[in-house]
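Quick caveat, the model's predicted, so the values are computed rather than measured. The chains referred to below are lettered A, B, ... by the order of the sequence lines, with proteins before strands, and numbering in each begins at 1.
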2 protein chains.
Amino acid sequence: MSDLTIGTLAKSAGVGVETVRYYQRRGLLPQGGTHKGAFRVYGTDELARLRFIRRAQTLGFNLEEIAELLALDEETDRERARAFAQAKIADVESRIRQLEEMRSALQGLVTCCEHTEAPAPCPILHALAAAPEEAPLTSPPKAHARGTRARTSS
Amino acid sequence: MSDLTIGTLAKSAGVGVETVRYYQRRGLLPQGGTHKGAFRVYGTDELARLRFIRRAQTLGFNLEEIAELLALDEETDRERARAFAQAKIADVESRIRQLEEMRSALQGLVTCCEHTEAPAPCPILHALAAAPEEAPLTSPPKAHARGTRARTSS
DNA sequence: GTTGACTCCGTACTTTGGTACAGGGTCTAG
DNA sequence: CTAGACCCTGTACCAAAGTACGGAGTCAAC
């Protein structure tokens, strides 16, 4: 037993076949698997690796980070694993803080809206439309800050 | 005054020219602007609209949602604006909860690691590698849950 | 011995919020 | 009147994590 085809391997880990292949392309899973006939077969270590990936994802690691985690040695890399986890905690916490700021700003708008008499323009839309010179428009969350050159010209 | 070219309009709002054009393509800003000579000129309402977009982004709205917000009427759509904001609050809060779960799981691993004697395999990597039948692998945060068909076949 | 499900391989597409670039035209200052 | 800065249009590209699809081969059951 534990002679899995890619399909059963995928199902066992709760992912799609295409996902497994994708992980193979990304180098997270071995391309191989021993051949048996024309199809590849996978064993329990591939399954464990696949589950490792999914669990690490639920903890907020992306695939690149997971590749690094997978390269760590259980015996000799404890320090590094812990540092990794701690860095991720810091990262998660900063995202939480960002979201909390959003929430309180939104909450402020809603509260304001509820305390405004009916025949007035919507304070929410109004607040969005008004130009707050004080709050200088902290740059919106860019998906991936890369070449954010403001092109301030010569 | 307030006869802005696309470049000055963009600079006034703190975005790049390409971004303005992109918003135009997305229908968030009018394509037009009155022509003056060969170039388009924009006025204060385009600038206000552009700033509206950026502010709404900092509150966590995506461009599709912002398009809807922009379609609301300040006078007659107060209910809808508030509902919108409240839905966004709920959304933000659920993301916060998710992140908090991640954080506590990570914190648990780190704490565990710190209380383990040195000559043992890394508990973090170990925990990731172990198969927790209890915690059935709550699906990792997919970027955009769309066609997540597990292809459970016939 | 054929049908249907599965596998293999490669490539292209998805989403979101933009960037970048090419190949023009135009406007303005010196 | 010419150089350089700006504008226009259109298209292609970026990241991340997959998903979809086409065409061909193969395996197992009936």
Main-chain N/O of B/Asn62 paired to B/Glu65 side chain as donor or acceptor, under 3.5 Å: yes
Closest listed nucleotide, where the reference is the side chain of A/Leu63 and the choices are D/dA17, C/dC21, C/dG18: D/dA17
Heavy-atom closest contact (A/Ala71 atom, A/Asp77 atom, distance): O-OD2, 4.4 Å
Contact list for DNA chain C against residues 85-95 of chain B - heavy-atom distance below 4.0 Å: none
A/Arg95 versus A/Gln98, side-chain donor and acceptor atoms under 3.5 Å: no
Atom-to-atom span, CZ of B/Arg40 to C1' of D/dC6 - whole angstrom: 15 Å
Other residues, nucleotides, ligands: >12 heavy atoms within 6.0 Å of A/Arg80 CZ: no
Short side-chain to backbone donor-acceptor contact, A/Thr19 and A/Val15, under 3.5 Å: no
Spacing of B/Arg21 atom CZ relative to D/dA12 atom P, expressed in whole Å: 18 Å
Distance, rounded to the nearest Å, where A/Tyr42 contributes OH and C/dC6 contributes P: 16 Å
Closest heavy-atom pair and its distance - B/Arg78, A/Thr116: NH2-O, 3.4 Å
Nearest-angstrom distance from the residue atom CG of A/Leu4 to C1' of C/dC6: 15 Å
Phosphate OP1/OP2 of D/dC6 contacted by B/Thr5 side-chain N/O (<4.0 Å): no
Taking every non-hydrogen atom, the tightest pair across B/Glu114 and A/Gln86: OE2-NE2, 3.6 Å
Exercise: identify the closest heavy-atom pair between B/Thr5 and B/Tyr42: C-CD1, 4.0 Å
Under 4.0 Å protein heavy-atom contact, by nucleotide of nucleotides 24-30 of chain C - B base, S sugar-phosphate only: -BSS---
Closest to the A/Glu18 side chain, choosing from D/dA16, D/dT19, C/dC6: D/dT19
Atom pair distance, as rounded to whole Å: CZ in B/Phe61 and P in C/dT16: 16 Å
Of B/Gly7 and A/Tyr23, the one whose closest DNA chain D nucleotide lies more 5': B/Gly7
Below 4.0 Å: OP1/OP2 of C/dT7 and any side-chain N or O of A/Gln24: no
A/Tyr22 side-chain proximity, nearest of D/dC7, C/dC9, D/dT19: D/dT19
B/Leu59 versus A/Leu106, closest heavy-atom pair with distance: O-CD1, 3.7 Å
Side chain of B/Glu64 - closest among D/dC6, D/dT9, C/dT16: C/dT16
Any A/Thr19 side-chain N or O less than 4.0 Å from OP1/OP2 of D/dT19: yes
Rounded interatomic separation in angstrom, taking CD1 from A/Ile6 and C1' from C/dC9: 11 Å
Selection from C/dG17, D/dC8, C/dT11 that lies nearest to any side-chain heavy atom of A/Arg25: C/dT11
Whole angstrom value for the distance that separates P of C/dT7 from CD of A/Gln31: 16 Å
side-chain contact (heavy atoms from CB on, under 4.5 Å) partners for A/Asp45, two or more places apart: none
